[in-house]
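This report concerns only the one structure given below.
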Amino acid sequence: MPALACCVDAAHAPPGYAFPAGDSSLPFPVPCLPGVPLSTTSIHAAAASENSSGHWSPSLSAALYKIDAWGAPYFSVNSSGNVSARPYGTDTLPHQEIDLLKIVKRVSDPKWAGGLGLQLPLIVRLPDVLKNRLESLQSAFDFAIQSQAYEAHYQGVYPVKCNQDRFVVEDIVRFGSPFRFGLEAGSKPELLLAMNCLCKGNPEALLICNGFKDVEYISLALIARKLSLKTVIVLEQEEEIDLVIEMSKKMSVRPVVGVRAKLRTKHSGHFGSTSGEKGKFGLTTTQILRVVKKLEQAGMLDCFQLLHFHIGSQIPSTALLSDGASEAAQIYCELVRLGARMQVIDIGGGLGIDYDGSKSGDSDLSVAYGLEEYALAVVQAVKFVCDRKNVKHPVICSESGRAIVSHHSILIFEAMSSSSTSASAASMTSYEMEYYLSRLTEDARADYRNLTASAIRGEHEACLLYADQLKQSCVDQFKEGNIGMEQLAAVDALCELFYKTFGASDPVRTYHVNLSLFTSIPDFWGIGQLFPIVPIHRLDQRPSARGILSDLTCDSDGKIDKFIGGESSLPLHEIEGGGAGGNGGKYYLGMFLGGAYEEALGGIHNLFGGPSVVRVSQSDGPYSFSVTQAVSGPSCGDVLRVMQYEPELMFETLKHRVEEYCHHDEDSDDSDGDHRMGSIATVANCLASYFHNMPYLVAPCSATGMNNSDFYYCNDDDYNAAADTSAGEDEK
């Protein structure tokens, strides 16, 4: 409602109220506090503070959202107030930074405007960041090995369970080929994809076979060995050794075997639950000794070459890491003594991510070390034990999935609207409020008089008490049918006005986002995992509200109300002010550090499928990036197929229904046959389009020109020329 339409002369205000002099735009009256000038009441003081707060800058937003803490060295806020990706980490030059808002515009603009026509939500993959993470991890271990005079090398493997996307895995194999980087699989499908990808990798790369195994799994791993892939079958259960011995003899393949040891070392956080003596995986020392004996009896003890352990994801400190590595190194040296031809110590995963930027070892959300400290702790621990036992230094392998892929993926989604508990007060004029309050029951009017009297006397606590009492009394009377909905709304508006004036109002709004939490951020719902979430633009403006995020699903758990830093709400901007910068009122948020697990774990609750995905590489072209791959998210038809529906048959059923409906229309109006035929075609075409479009909301006046059948891809030789084609687009 326009502000002018809400203006009411002060004479019409209920007793105890007045309007501030010179301000005729208030949509409802403000309580007057005796002895206090009206302009200094809390609500106006807050407004004055807001107006006189001074200049806001991108650097202040970076500090507010801790972007420089959790985002370094890959994310920062640029001078335009947008989040930028730094694809080469600390080596990124200013002109190489990639503005995330420009990616969104390039991808979501309709095709006729030079865009790709994809619908949000959107996952942006940055393969340059992926490559930098691999190189940084390798460099950290290379430096530690050189500085400690360690006499073996490091070669890692990527556990594909973290993100099995084809292009992610292929990129890791390609980027890791110069330093023999391999893959780890935990199931038969993962083993198949790992075998396929490593056919193009370094021939010295390891293929680690973890997970529970049956005859088929072991046979497949032995086939991989036959194909000259450096396959290691890691025993998770003691009985698996019997299958390995039996199948290797049948297939005439000499296997390489490892065991996963159940260490005593563990950490107490959520991610440490799979470690320790009672952990889900691995063999005890007694079981390992029995495996050694069985291999020796089979004449295969030389096949025992790797020791694996894992003390939990997100290892919080290097002290705990050193303890685990030392214990494992002791077992390794004992296996050498027992005659095993040991070659590799696999330290598993656990290299953590600093999700909240606190660099703390006391939280599941952070770690108190960097890559260099992590590598040094491992090398020192293993070297010390091996030197003391006069054992040759083993090759060090790690399965660092979270640390490799988390940074390279960004989930971007749109806030469509916001709401707050104070909306009722803002939508009712003082005249309307007075009109409906005057028609309350006598008991309710008595509570109202007590409320206004306590406000006049300046008794804040009593005022809030009477407001609660009035509200509850009216709710009870409404349930009994004694007052109407208009009176109840007027009381809600009045009480909210008092709450806001006395600082008791809940200032937190609910921002409704075009996203399924269960599909795109399942770890938040499942285990309470927090990720950095920030606006990707307008960071040169002061956030004017605080909010929680509510998703599209019809589920009360579909909301994000916990954020990094222990916050229960997030500083956000007004959506209606989002038109600044030419974004047409759109307000985009990004979830960062979510490249591991979220896509693989996501479900289709309410039949919302996954987001659209684009692969963006740094380019020396005019926009600093090129889109090298773009895939629309699953359509309504796709998610229906997952639940065993057949969209084609569904469409035919509905089309027949349309023809039947239009036939009835024809019976009622025989003179308009052409209109009938046009109506049938129009409705049928609409139905067909709904099957092909994504399930997410479509913004008004938007055009999405890319349905699920569209796929855009170019190879690395061509990508620099593939996507910098947005004619006439401003570069800011």
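Distance CD1/I208 to CD1/I233: 11.0 Å, rounded to 0.5 Å. Here R86 contributes atom CZ and Y74 contributes atom OH; the two are 10.0 Å apart, rounded to the nearest 0.5 Å. The CD atom of Q529 lies 9.5 Å from the CG atom of L593; values are rounded to the nearest 0.5 Å. Rounded to the nearest 0.5 Å, atoms CG (D346) and CG (L206) are 8.5 Å apart. To the nearest 0.5 angstrom, S322 atom OG is 10.0 Å from I315 atom CD1. The distance from the CG atom of L365 to the CG atom of D354 is 9.0 Å, given to the nearest 0.5 Å.
Within 6.0 Å of the CD atom in E239, the count of heavy atoms belonging to other residues, nucleotides or ligands exceeds 12. Heavy atoms from other residues, nucleotides or ligands lying under 6.0 Å from NZ of K294 number more than 12. Taking a 6.0 Å sphere around CD of Q237, one finds it holds more than 12 heavy atoms contributed by other residues, nucleotides or ligands. Residue R290 qualifies as enclosed at atom CZ: its count of foreign heavy atoms under 6.0 Å is above 12.
Taking every heavy atom of both residues into account, N132 and P87 meet most closely at CB-O, 4.0 Å. Here the closest non-hydrogen pair linking V385 and S326 is CG2-O, 3.9 Å. Considering every non-hydrogen atom in both C199 and L229, the closest pair reads N-CD2, 4.5 Å. Here the shortest heavy-atom pairing between V160 and A185 reads CG2-CA, 4.4 Å. Residues S406 and A596 share a closest heavy-atom pair of OG-CB, 3.8 Å. The shortest heavy-atom contact between D387 and H393 is OD1-NE2, 2.7 Å.
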Check the pair L335, I331 against side chain to side chain contact (heavy atoms under 4.5 Å, CB included), reporting the backbone distance first and the verdict last.
-> CA-CA 6 Å; L335 290 171; I331 298 174; 4.2 Å; yes

Do I560 and F524 pass the side chain to side chain contact (heavy atoms under 4.5 Å, CB included) test, and can you show the C-alpha distance, the side-chain angles, and the key distance before you say yes or no?
-> CA-CA 8 Å; I560 302 176; F524 176 84; 4.0 Å; yes

Please report the C-alpha distance between D302 and R254 in whole Å, then the side-chain angles of each, then the deciding distance to 0.1 Å, and finally whether the salt bridge (Lys or Arg N to Asp or Glu O under 4.0 Å) criterion is met.
-> CA-CA 10 Å; D302 61 309; R254 197 73 174 171; 2.8 Å; yes

Decide yes or no on side-chain hydrogen bond (donor to acceptor under 3.5 Å, both in side chains) for T628 and R615, but give the supporting numbers first.
-> CA-CA 6 Å; T628 61; R615 184 172 181 265; 3.1 Å; yes

Using the side chain to side chain contact (heavy atoms under 4.5 Å, CB included) rule, take K213 and L243 through it: C-alpha gap first, then chi angles, then the decisive distance, then the call.
-> CA-CA 9 Å; K213 302 169 188 69; L243 293 175; 6.0 Å; no

Any chance you could lay out the side chain to side chain contact (heavy atoms under 4.5 Å, CB included) test for V627 and I103, step after step, and finish with the verdict?
-> CA-CA 8 Å; V627 178; I103 294 178; 5.5 Å; no

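Side-chain N or O atoms of E97 include none that pairs as donor or acceptor with a backbone N or O of A85 at under 3.5 Å. Judged by distance alone, the side chain of S612 and the main-chain N or O of G633 form a donor-acceptor pair under 3.5 Å. No donor-acceptor pair under 3.5 Å is formed between the side chain of Y369 and the backbone N or O of A377. The closest donor-acceptor contact from the side chain of Q314 to the backbone of D364 lies under 3.5 Å. Not a single donor-acceptor pair under 3.5 Å links the side chain of Q305 to the backbone N or O of M342. Using modelled atom types, no side-chain atom of S317 and backbone atom of G361 make a donor-acceptor pair closer than 3.5 Å. For D128 (side chain) and Q618 (main-chain N/O), a donor-acceptor pair under 3.5 Å exists by modelled atom type. Without hydrogens or angle criteria, S400 side chain to A403 main chain gives no donor-acceptor distance under 3.5 Å. With hydrogens and angles disregarded, no donor-acceptor distance shorter than 3.5 Å links the side chain of Q380 to the backbone of A144. Between the side chain of S366 and the main chain of S360, a donor-acceptor pair closer than 3.5 Å is present.
Within the 4.5 Å cutoff, side-chain heavy atoms of S248 are placed close to those of M300. No side-chain heavy atom of K262 sits under 4.5 Å from any side-chain heavy atom of L283. Residues I218 and D214 form no side-chain contact, since every pair of their non-hydrogen atoms from C-beta on lies 4.5 Å or further apart. The shortest side-chain heavy-atom distance between T318 and L376 does not fall under the 4.5 Å cut-off. When side chains are defined from C-beta on, P532 does not count as touching Y65, because their heavy atoms never get closer than 4.5 Å. Taking the side chain as every heavy atom from C-beta outward, E598 and F531 approach each other to under 4.5 Å. Looking at I396 and Y150, their side chains come closer than 4.5 Å, going by heavy atoms from C-beta outward. In this structure, the side chains of V336 and R341 stay at 4.5 Å or more apart for every pair of heavy atoms.
The pair D165-R125 counts as a salt bridge, with a side-chain nitrogen and a carboxylate oxygen less than 4.0 angstrom apart. R337 and E334 are joined by a salt bridge, as a carboxylate oxygen and a charged side-chain nitrogen come within less than 4.0 angstrom of each other. Between E170 and R174, no side-chain nitrogen of the basic residue sits less than 4.0 Å from a carboxylate oxygen of the acidic one, so the salt-bridge criterion is not met.
Checked by atom type, the side-chain pair E327/T265 shows a donor-acceptor distance below 3.5 Å. No side-chain donor-acceptor contact under 3.5 Å links Q138 and R180. A donor and an acceptor atom, one from each side chain of S398 and Y154, are located under 3.5 Å apart.
Below 30°, between 30° and 60°, or above 60°: for F75 and W70 the angle between ring planes is between 30° and 60°, a tilted geometry.
Partner of N210 under the side-chain hydrogen bond (donor to acceptor under 3.5 Å, both in side chains) criterion, chosen from R260, E190, E184: E184. In summary, of the residues considered (I412, V83, L411), a side-chain contact (heavy atoms from CB on, under 4.5 Å) with F592 occurs for V83 alone.
Applying the ring-ring contact (aromatic ring centres under 6.0 Å, His included) definition to pairs two or more places apart or across chains, none involves residues 168-194. Sorted pairs that involve residues 131-154 and meet salt bridge (charged side-chain N to carboxylate O under 4.0 Å, His left out), not counting sequence neighbours, are lacking altogether.
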